[in-house]
There are 2 protein chains.
Amino acid sequence: MDRTEIIENTRERVIESISQNMYLYGVSPSIGRLYGTLYFKDKPMTLDEMKEELKMSKTSMSTSVRTLTELNMVEKVWKKGVRKDLYEAKTDWYQIFIDFFSNQWRKVTAMNVKAIKQSRKELTYMLENEVLAESEKQQIQSDIEKYNQILDYYDWLNRLFDFLESDEIFHHVEKRNKWSE
Amino acid sequence: MDRTEIIENTRERVIESISQNMYLYGVSPSIGRLYGTLYFKDKPMTLDEMKEELKMSKTSMSTSVRTLTELNMVEKVWKKGVRKDLYEAKTDWYQIFIDFFSNQWRKVTAMNVKAIKQSRKELTYMLENEVLAESEKQQIQSDIEKYNQILDYYDWLNRLFDFLESDEIFHHVEKRNKWSE
DNA sequence: ATGTTTGTACAGTTTAAACTGTATATAACG
DNA sequence: CGTTATATACAGTTTAAACTGTACAAACAT
């Protein structure tokens, strides 16, 4: 095994490890492997280069790159004279982590909040306008209380995301250069 | 449509919304629906009751409950005289959120760190013990620098999890009772 | 002990996600 | 303008995940 091969293997191991773990961001291992590949290439890549490197279809590369773009993990770059689209990996993992929450989680919680408010509205209406048996009333009030607690939680979650998005978090959990220079 | 049905529908909407969004925790919609169902039942449930309620197999209920238990979203409870296992939903979503990171994310980052340290070790060895062309040397040093940056990031991430796990986070992003009493 | 009940392993089936190849729209170039 | 190159929509295929039913092991009751 020659040296170039060893270097290649060390990379391969790390890429594999990154890809296996990217399910935390809700993407498949293949997409993870693509990100890993882009991460180690210091130049931007075209879809054809990715296809070649990963031995996969161009269609897959296209959709995967789109997914990674939506996650803010990859961006399209322009280069004069090059017709093909070029993509490169973003390398600021702190930012990627924070963006993931701000984008993905916020979207999801917003949908939940909507559903809950609608349900709460309907229950409140019943409570105010209908003649109810005592057991029904308690049932409803118990549900409304649950909804309220969930709303408070989502409110907290959003403020947490604000906290992360502003760089305030780095005052309390600071970046350190323990390993890198 | 009578009142009981309306109440049921409002719950159903919220459960559906919860279940659709639980992919953020890496679980399937069915598992989300199970959690939602348990969440609204104020009593613990047996596997047979879940099976009945969701019209699914007992095997699925068993594995789903296990998954939810690993996520700290459900816990087994004991009740004198009842032979069947009883499970109930945990309701402290703040804690669930934090536990998710402390457990799942930490596990994953630990694996990544291991792979990276191994790779870095091999590269460092080459650098110190082999005669290398200048281009190879630069290649290796560039990779090592990448590994170091990743390690610093993971170090930060773990300290962030510490920050969440200690209740320090609640001093900066406090719980509020805006909706609930 | 013996018989019953309950939870889960496992193999097989169904359903959904990932992936490919072709066909087409859009943009770049002469 | 016509021609060529590039990315993506879409239908079809493959692969993986989710789910079920049966069979068995562990726990309990008698």
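Given the structure is predicted, the values throughout are model-derived calculations rather than measurements. Lettering of chains follows the sequences in order, A, B, ..., and the numbering in each one begins at 1.
The distance between atom CG of A:Leu47 and atom P of D:dT6, rounded to the nearest whole Å, is 10 Å. One atom, CG of A:Asp85, and another, P of C:dA27, lie 11 Å apart when rounded to the nearest Å. B:Glu49 places its CD atom 16 Å from the C1' atom of C:dT5, with the value rounded to the nearest Å. Atom pair B:Met45:CE and C:dT6:P shows a separation of 16 Å (rounding to whole Å applied). The NZ-C1' distance, from B:Lys84 to D:dA26, rounds to 16 Å in whole Å. Look at NZ on A:Lys79: it is 18 Å from C1' on C:dA28, rounded to the nearest Å. A straight line from CG of B:Leu86 to P of C:dT5 spans 18 Å, rounded to a whole angstrom. If you take CE of B:Met50 and C1' of C:dT6, they are 13 Å apart, rounded to a whole angstrom.
Residues B:Gln141 and B:Glu145 bring no donor and acceptor atom of their side chains to less than 3.5 Å of each other.
Across B:Asp85 and B:Lys76, no two heavy atoms sit closer than the pair OD2-NZ, 3.3 Å. Of all heavy-atom pairs between B:Ile15 and B:Arg33, the closest is CG2-CG, 3.7 Å.
Relative to the side chain of B:Arg83, the nucleotides D:dA7, C:dA28, D:dA29 differ in distance, and D:dA29 lies closest.
Using cut-offs of 30° and 60° for the angle between ring planes, the B:Tyr154 and A:Trp93 rings count as perpendicular.
The residue from B:Val27, B:Thr67, B:Leu68, B:Val74 that alone fulfils the side chain to side chain contact (heavy atoms under 4.5 Å, CB included) condition with B:Leu34 is B:Leu68.
Expressed to the nearest 0.5 Å, how far OG1 of A:Thr63 lies from CG of A:Leu47 amounts to 10.0 Å.
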Completion exercise
Scoring nucleotides 14-21 of chain D by protein non-hydrogen atoms under 4.0 Å (B base, S sugar-phosphate only, - none) yields ----SSBB
